[in-house]
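Source: prediction; values computed, not measured.
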There are 2 protein chains.
Amino acid sequence: MGRTGGMMKTRDKILDCAQRLFSEEGFDKVSTKRIAKEAECNEVTIFRLFGTKNRVLEEIINKFVEESKIIRSLHESLTGELEQDIAKSILLYQNFLHQHEIIFRLQLKLSDSENQKFLRTIDFKNYLVDHFIGVFHEHKIHYSPETFVNDMLSSVMGSFLLKILTQGKFTGERDGHFLSEKIKFYQNSINQYKKTE
Amino acid sequence: MGRTGGMMKTRDKILDCAQRLFSEEGFDKVSTKRIAKEAECNEVTIFRLFGTKNRVLEEIINKFVEESKIIRSLHESLTGELEQDIAKSILLYQNFLHQHEIIFRLQLKLSDSENQKFLRTIDFKNYLVDHFIGVFHEHKIHYSPETFVNDMLSSVMGSFLLKILTQGKFTGERDGHFLSEKIKFYQNSINQYKKTE
């Protein structure tokens, strides 16, 4: 350990502080000086470890992408049972957004050209479309899996963003209630498209 | 008029120039010096009238909120016919977001503490909940109007934000198609909750 251990700790501390500051105040408003102060290190240490403030941001996002196990969770949870899989898709996506709220807040504040945003959401969507193609076929659901998945994820994402952007004013304190109603709504709605003959 | 009139004109000119520059080049890339040059005034005038560049942005957003006629459009469009009103609610909200995309992009980038965000969306939601309480009652729909409106608006907002944040990668070029499918989906779904006896 010794020196290397110490350096790792500083590195992580810088990343943690930078992530929190960027997401609260925006990437541009937070200086390396400020990050250094929060991480209780010298500003020069940030430059030595990362080079630039942009590289600090890249590390934060890379770390998040690597650590995200969202597709594996989907793979392990979905069974092919229509209503259960709808519930699980909504809950997993909601949990994923909730757990990484800081990263999403941060991404919202990046310049439009700066970064490929919400790549995990696109992966998540593609995985679910492939999955529901099979499930809809099996359950004789005559509805476009792509349209269904798009709408379901948009709705979860929209609720999540409206909640954080309005600081809870959109649905008040009843998010849990609305989430379980959302699940029922999608389950009931898709059953309408079942061919019964 | 005299002095006051002159000050008002400068103020509006600064706001107009800033809005155009922010939307073309992004908030962070445009300096107060640049705004001053475009508005043909001294940079000091901007600081005297607004204090900071952030306050200029806030004024732009406040102005937009005051001038937004979204509730009046709703009031003029909704008739009490269930399926038509669902279609109109979705289309009006979608058009509202689309028309003011620049303002929304700007709002996403503001510090979390800085601004009350998406206030029009909350007004829009409250208006629709009140409206659909009556419409659901009239059409014997046994479903919570609040849950329905929350979900419908979240879905439209989510699609809109996913589109702009992924630069079109979420649904590709088929937004129009997904929007009309979304309308049909909500219309069909709510009809399930009709009490027929």
Exercise. Parallel, tilted or perpendicular: which fits the ring planes of Tyr193(B) and Phe185(A), with parallel below 30° and perpendicular above 60°?
Worked result: parallel

For this session: Check the side chains of Ser155(B) and Ser155(A) for a donor-acceptor pair under 3.5 angstrom, ignoring hydrogens and angles.
Result: no

Problem set entry | Taking every non-hydrogen atom, the tightest pair across Glu181(A) and Tyr143(B) | O-OH, 3.9 Å

Seminar exercise, completed: Checked Ser159(A), Gly158(A), Ser154(A) vs chain B; the most non-hydrogen pairs under 4.5 Å come from Ser154(A)

Exercise. Would Met157(B) end up clustered with Phe178(B) when hydrophobic side chains under 4.5 Å apart are linked, directly or stepwise?
Worked result: no

Exercise. Do you reckon Val56(A) sits in the same ILVMFWY cluster as Phe47(A), going by side-chain contacts under 4.5 Å, direct or chained?
Worked result: no

Exercise. Would you call Phe104(B) and Leu165(A) a side-chain contact if the rule is heavy atoms closer than 4.5 Å?
Worked result: no

Seminar exercise, completed: With chain A, the option among Thr121(B), Thr147(B), Asn126(B) that has the most non-hydrogen atom pairs under 4.5 Å is Thr147(B)

For this session: Among the options Lys125(A), Met152(A), Lys163(A), pick out the one with the most heavy-atom pairs lying under 4.5 Å from chain B.
Result: Lys125(A)

Exercise. Okay, side chain of Gln192(B), backbone of Gln192(A): is any donor-acceptor separation there less than 3.5 Å?
Worked result: no

Problem set entry | Enclosure of Glu138(A) CD (heavy-atom neighbours >12, cutoff 6.0 Å) | no

Problem set entry | Neighbour count >12 (heavy atoms, 6.0 Å) for atom NE2, His177(A) | yes

For this session: Heavy atoms only, distances under 4.5 angstrom: which of Ile190(A), Leu162(A), Asn191(A) has the most pairs with chain B? Name it, please.
Result: Leu162(A)

Exercise. Taking C-beta and beyond as the side chain, do Phe160(A) and Leu161(B) meet within less than 4.5 Å on heavy atoms?
Worked result: no

